[in-house]
Each structure stands twice: as C-alpha cells, then as structure tokens.
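Down below is the structure, laid out as structure tokens.
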Protein chains: 2
Amino acid sequence: MSQSRKPGIDYGILTELIGYALRRAQVHMYQDFFRATAAFDIRPAQFAVLTVIERNPGLKQSEVAAALGIKRTNFVGLLDALESRGLAERRAARDRRSYALYLTAEGEALMRKLRPVLKAHEEHLLAGLGDEGRRQLIALLRRVTGEAEPDGGAPRSRLRLVKDARPPRAGSAGT
Amino acid sequence: MSQSRKPGIDYGILTELIGYALRRAQVHMYQDFFRATAAFDIRPAQFAVLTVIERNPGLKQSEVAAALGIKRTNFVGLLDALESRGLAERRAARDRRSYALYLTAEGEALMRKLRPVLKAHEEHLLAGLGDEGRRQLIALLRRVTGEAEPDGGAPRSRLRLVKDARPPRAGSAGT
DNA sequence: GCGAAATCGTTACGTTCAATAACAATTTGC
DNA sequence: GCAAATTGTTATTGAACGTAACGATTTCGC
C-alpha cells in the first residue's frame, strides 16, 4: 500500500513512464480520500454517483451508469447501497421498465457536507502544486483522456509553458 | 469501461476534482497498456516487477514487493506466474529463509522487446501533450505523491509556469 | 394491431486485485 | 540458548469489474 519510492532501488524505465506515475498518484489520492471521508463511510464511486444524480435528477439507472463508465449490472448493487442508506431513491418512471433516480433530502444534506470536505482534501494534498499547478495538472489529465476543456475556462493563460509551448491541437482543446 | 464524458450530463464538482480526473486518466492509460501489449500477455504490475528485478538483481522477494508497494503475500502469486513462464527465477540466497531474484535470459529478452513497445504506447497516447507537456505532467504527478525529482534532471526549465509560478517549496523539489 | 427486436433492471457467476490472519523455517538479539 | 523478529507461504475475505442469461416492458416494422 504505502508505495513511496524506496531509496537504493533502481526503478529503471518506471521513472520515465507516465502510466506508472499516474497510477501511483491515483493510489495516493485514493488513500487520502478515505482518510478525509472516514467519518462518512463513502467511496469515490458512490460520491460520483450521488453527484450525477444530484445534478441530473430523474435520470434512469443506465444513464447514470453510462455517464460514469459503470456497467449497469454493477450499478445495481452500488445504487442498492445508496438507497438502503437513505441517500438516493428509485422512483417509478413513465417507462415502467426503468426507474427515475433522485437524491433524498438526506442525500442532499450529505452532499452539502461532503463537497467542502473533498475540496479541502484536494487542497490539502495538492497544496504543493499551487493554484496554477493544479490548473495545469487537471488540464493535462483531461488531455490524456482526450477531452476538451470544460466551457468554464477563464481566458487566463491556460496551458502556456515557458518553452516548447504548442498551439492547441486540432480536435482537442480548441478555443 | 469506456468512460468518456457523456454530453448532456452535468458532472458538477467532479469536473473540478483532480482525483476524479486522475482516476479517469489512469483507467484510460491502463486500457491502452493492454492494447499495446496484447501480444505479450503482460500486466502493468508484472512489468514493474520485472523492471525492478532486472535493475536490481539479487533482491529478495520482500524487497521487490516493498519497492513497488505490494504486500509480500500478494507478491507470491505474482512471482509464481513470472517464474512459471520462465521470465524470472528464485535462487537460493545466503539467508535460507529468502530467495534472491533474477531475470532469466528469456526474461531479459522480453524486457528488451517490451521497453520500446511501452515507450511507443506512451508516445502514442500522449502525443497531444508535447514534450514539455509530458515533462510537466510527470513532474506534477511526482509532486502529488510527494517525491523529489529524480536526479537525472537536466537544468532546463523544469516547472516554470508563465504566471503564478511558485518558489520550490521546502521539502519538495528543490534545486 | 401484432410479432420481432431492442431496452431496462436484475441475478448469477467468474476473475482479478488487495488486505488480514496464521504458520513453518530460519535468523537475530540479548 | 532461547525469545523475538524476518521471510516466504497458504487460506480466506472483500471489493471492483466483466460476461451471460432472464423477465418485464417498450419500440419498431409491416
């Protein structure tokens, strides 16, 4: 678990592979997520589900699952847990094959408490990067997954580097 | 699996959380890893183990496991697989409780073939970032896990940003 | 309309990954 | 020399993720 790089070990090409650095960083943040949310007993996937339901009330299960890249078969148990904890609920939909998903009042209250906790957890863990470092990191990560920048981008210098700066590539983060 | 962001869905705070972007990027690279190495039937953890053994021949199991943040109980099966494929071997060590680990000739040959494949896989997937973008990304990721820069750093501008650049923080990547 | 095909949620199942507990063999410390 | 620690191992558990199949319902082609 604690996979800090051990001194005296030669990691060879692993030091150059971004995939490896990515995995390590992800494990690191994952662990700190649990540390930060220990009082709430919530997992990252559960938080993501609650967020999507909260912001898009009335979606059906398969839509929420698809939005998060979760197989709908695996989503069943995930939602069962949230529903039995009284955080989300399945309501009857027009299409009687499906359910429309909503947060309960309790679910919304939890999210109001959880959001600042998670923001603080990230600030805590990423303090060393600085504001611009954080912006850079998230922009780079989005490029890795081939996403465009979310609209909300202020027109401030967004990914300009001191040297080797590249014009935005066709088909990716455009204007 | 294919967790591209769906249009028409409001992801709320998830768009701001680096942990979420990190997980998505990691899944993305993980999948491309398998695509790139399909002909070799090797998994990321196996590659990491082979790398550490190759660069540090003679280490004992617990040392390799610790270097990669793997529990030694889980390392047993991992190494069993590599050994039964003839890629690595356990040799008797002075301390008769332990084994000294080495690559076989076949293991070394595989690594010679695998390294360029993985470099190409990363270049392919990260082409959109540019050289400086890749350097930046790996530097930022290392900071997330609280590591110092590996020595090999050329004195070229290493993490300077156009604005909001911060002096290197005490205890992290100092010059 | 009506029957075939698709969609939706669900169950059952298998695989992989990571964690804990316990144990035998061996080495180390006092 | 004997208690304590280390090393590799097994057994077992739980979580995460995938596939196959099914019943209920809706949609599509005609």
Side-chain angles (χ1 to χ4, degrees), chain A residues 1-3 20 23-24 26-31 33-35 37-38 41-49 53 58-85 88-102, chain B residues 1-3 19-20 23-24 26-31 33-35 37-38 41-49 53 58-84 88-102:
Chain A
M1 189 198 264
S2 90
Q3 53 159 9
Y20 184 68
R23 174 178 164 272
R24 289 166 44 81
Q26 206 259 326
V27 169
H28 192 74
M29 288 212 69
Y30 207 76
Q31 291 172 350
F33 179 100
F34 286 109
R35 188 196 58 73
T37 65
D41 186 31
I42 203 86
R43 271 151 321 148
Q46 295 178 323
F47 177 78
V49 169
I53 296 178
L59 286 189
K60 52 180 80 167
Q61 289 185 201
S62 31
E63 290 170 330
V64 175
L68 294 169
I70 302 171
K71 297 266 178 227
R72 69 188 200 287
T73 88
N74 295 327
F75 190 79
V76 175
L78 198 42
L79 186 60
D80 283 350
L82 296 176
E83 194 170 29
S84 68
R85 279 178 63 180
E89 60 180 353
R90 294 180 237 234
R91 297 189 198 159
R94 294 217 184 84
D95 184 337
R96 283 158 50 208
R97 291 170 298 184
S98 66
Y99 295 108
L101 302 185
Y102 296 88
Chain B
M1 189 200 265
S2 88
Q3 54 160 8
Y20 184 68
R23 174 177 164 274
R24 289 167 44 81
Q26 205 259 326
V27 169
H28 192 74
M29 288 211 69
Y30 207 77
Q31 290 172 353
F33 180 100
F34 286 109
R35 188 196 58 72
T37 65
D41 186 30
I42 204 87
R43 273 157 313 155
Q46 294 179 324
F47 178 78
V49 169
I53 296 178
L59 286 190
K60 53 179 82 166
Q61 290 186 201
S62 31
E63 290 169 331
V64 176
L68 294 169
I70 303 172
K71 297 262 181 235
R72 69 188 200 285
T73 90
N74 294 327
F75 189 80
V76 175
L78 198 42
L79 186 61
D80 283 350
L82 296 175
E83 193 169 30
S84 68
E89 58 179 354
R90 292 181 238 236
R91 297 188 198 159
R94 294 217 184 83
D95 183 337
R96 281 158 53 207
R97 290 171 299 184
S98 65
Y99 295 108
L101 302 186
Y102 295 89

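To find a chain, count down the sequence lines: A is the first, B the second, and so on, and within it residues start at 1.
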Angle between terminal axes - the helix from C/dG1-D/dC30 to C/dC30-D/dG1, 5 pairs each end, rounded to 10°: 30°
Protein-nucleotides 3-7 of chain C N/O pairs closer than 3.5 Å?
from	atom 1	to	atom 2	distance (Å)
C/dT7	O2	A/Arg97	NH1	2.7

Touch class at under 4.0 angstrom, heavy-atom based, for B/Arg96 against every strand present: sugar-phosphate
Closest-nucleotide ordering on DNA chain C, the 5'-leading residue of B/Tyr30 and A/Ser98: A/Ser98
Between C1' of C/dC8 and CG of A/Leu59, the distance in whole Å: 14 Å
Length of the CG-P vector between B/Leu78 and C/dA19, whole Å: 13 Å
Sugar-phosphate only, base, or nothing, as touched by B/Phe75 at under 4.0 Å among non-hydrogen atoms: nothing
Backbone of A/Arg43 reached by a side-chain donor or acceptor of A/Gln46 within 3.5 Å: yes
Euclidean distance, atom CG of residue B/Leu79 to atom P of D/dT10 [Å, nearest integer]: 12 Å
Residue pair B/Arg72 / B/Ala65: nearest heavy atoms and the distance that separates them: CA-CB, 4.2 Å
Between P of C/dC13 and CG of A/Asn74, the distance in whole Å: 16 Å
Whichever of A/Pro44 and A/Arg72 has its nearest DNA chain D nucleotide further upstream toward 5': A/Pro44
Spacing between A/Arg23 atom CZ and C/dA18 atom C1', to the nearest angstrom: 11 Å
Residues which pass side-chain hydrogen bond (donor to acceptor under 3.5 Å, both in side chains) with B/Asn74, listed by chain and number, not counting sequence neighbours: none
Main-chain N/O of A/Lys60 paired to A/Glu63 side chain as donor or acceptor, under 3.5 Å: yes
Distance in angstrom units between A/Asp80 CG and D/dA16 P, rounded: 14 Å
Phosphate contact (C/dC17 OP1 or OP2) by B/Arg43 side-chain N/O below 4.0 Å: yes
B/Arg90: partners by side-chain hydrogen bond (donor to acceptor under 3.5 Å, both in side chains), with sequence neighbours left out: B/Gln61, B/Asp80, B/Glu83
Closest to side chain of B/Arg90, choosing from C/dT20, C/dG9, D/dG8: D/dG8
Non-hydrogen atoms of B/Ala93 and B/Ala100 that approach each other most closely: CB-N, 4.0 Å
With sequence neighbours excluded, residues passing side-chain hydrogen bond (donor to acceptor under 3.5 Å, both in side chains) with A/Glu89: A/Arg91
ring-ring contact (aromatic ring centres under 6.0 Å, His included) against A/Tyr102, all qualifying residues, sequence neighbours excluded: none
Most 5' of A/Phe34 and B/Glu63 on DNA chain D, judged by nearest nucleotide: B/Glu63
Contact under 4.0 Å: B/Gln61 side-chain N or O vs D/dT6 OP1/OP2: no
Nucleotide D/dA20, atom P - distance to NZ of A/Lys71 in whole Å: 11 Å
Rounded interatomic separation in angstrom, taking CD1 from B/Ile70 and P from C/dC17: 10 Å
Gap separating the CG atom of B/Leu79 from the CG atom of B/Leu101, nearest 0.5 angstrom: 5.5 Å
Reported OH-to-CZ distance for the pair A/Tyr20 and B/Phe47, which is rounded to 0.5 angstrom: 11.0 Å
